[in-house]
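See below for the structure under consideration.
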Amino acid sequence: MHPFVQAALGGVVIGLACWLLLAALGRVAGISGIVAGALSPQPGEGGWRWAFLAGLVGVGAVLTRGMPALPPPPWAVLVAAGLLVGVGTVLGAGCTSGHGVCGLGRRSVRSLVATGVFMGCGFATVFVARYAG
């Protein structure tokens, strides 16, 4: 399958998952918020969050079986990246999935600004990693 078709199908599936969660439970599919809520659940809120996360990780693990594996990055890079993402989601009041997929779909100006900042930082990071190293 052509990579563009794979990317388009992935986008459709992500959009459908976000729509289903909003239509079925009235919840925004922001992964950082779902993880935070799963780790400190309010009464009646933990079950759907853990189910969403299990589906996210489980389906991804099943669908990537047989695909060539990329070499893992060093642990220090993973830890630093995780901390930066965590700080970024707190500062941005959400993550790329919440703002970029759900927020833009709801025409949120705040999400438009947040997504622009996320994407700009990503572009700058790739540029520095490729050309300054």
Side-chain angles (χ1 to χ4, degrees):
M1 183 181 304
H2 194 278
F4 291 133
V5 175
Q6 290 176 325
L9 287 175
V12 168
V13 171
I14 290 170
L16 280 174
C18 292
W19 177 80
L20 280 172
L21 189 62
L22 185 62
L25 299 177
R27 303 292 185 192
V28 173
I31 306 304
S32 62
I34 292 173
V35 170
L39 296 175
S40 59
Q42 301 296 317
E45 286 285 311
W48 73 266
R49 292 174 189 272
W50 284 110
F52 185 91
L53 294 171
L56 185 73
V57 173
V59 171
V62 168
L63 292 179
T64 57
R65 288 184 61 138
M67 295 179 72
L70 297 173
W75 280 102
V77 172
L78 290 175
V79 170
L83 290 173
L84 287 172
V85 168
V87 169
T89 58
V90 170
L91 291 175
C95 59
T96 52
S97 59
H99 283 297
V101 177
C102 301
L104 291 180
R106 297 183 323 167
R107 299 185 182 122
S108 166
V109 173
R110 184 178 82 157
S111 291
L112 178 63
V113 172
T115 302
V117 171
F118 296 153
M119 296 301 289
C121 290
F123 296 151
T125 301
V126 169
F127 181 80
V128 169
R130 285 194 178 174
Y131 301 110

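All values below were derived from every heavy atom in this structure, side-chain atoms included, with hydrogens, water molecules and symmetry-related copies excluded.
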*Using atom types as modelled and distance alone, determine if a side-chain donor or acceptor of Arg49 lies under 3.5 Å from a backbone N or O of Gly33.*
yes
*Could you tell me whether the side chain of Ser40 and the main chain of Gly37 form a donor-acceptor pair under 3.5 Å?*
no
*Got a sec, which pairs hit salt bridge (Lys or Arg N to Asp or Glu O under 4.0 Å) with one end in residues 63-79, sequence neighbours left out?*
none
*Check the hydrophobic clustering (I, L, V, M, F, W, Y; side-chain heavy atoms under 4.5 Å; chains of links allowed) and say if Leu21 and Leu53 are grouped together.*
yes
*Which salt bridge (Lys or Arg N to Asp or Glu O under 4.0 Å) pairs, counting each pair once, include a residue from residues 50-61, with sequence neighbours left out?*
none
*Using the six-membered ring wherever Trp is involved, compare the ring planes of Trp48 and Phe52 and label them parallel, tilted or perpendicular (cut-offs 30° and 60°).*
perpendicular
*asked:* Is there a continuous path of hydrophobic side-chain contacts, each under 4.5 Å between heavy atoms, that joins Leu56 to Leu39?
replied: yes
*Is there a chain of hydrophobic side chains (I, L, V, M, F, W, Y, each step under 4.5 Å between heavy atoms) that links Val28 to Leu20?*
no
*asked:* Let me confirm one number: the NE2-OG distance from His99 to Ser32, rounded to the nearest 0.5 Å.
replied: 7.5 Å
*So with a 6.0 Å cut-off around CD of Gln6, is the heavy-atom count from everything else above 12?*
yes
*Identify whether Ile31 and Leu22 are in the same connected component of the hydrophobic contact network (ILVMFWY, side-chain heavy atoms under 4.5 Å).*
no
_How close do Ser111 and Gly103 get, counting heavy atoms only, and between which atoms?_
OG-CA, 3.3 Å
*At their closest point, which heavy atom of Leu104 faces which heavy atom of Leu112, and how far apart are they?*
CD2-CA, 3.6 Å
*Leu83: which other cluster members, linking ILVMFWY side chains closer than 4.5 Å, directly or transitively?*
Val79
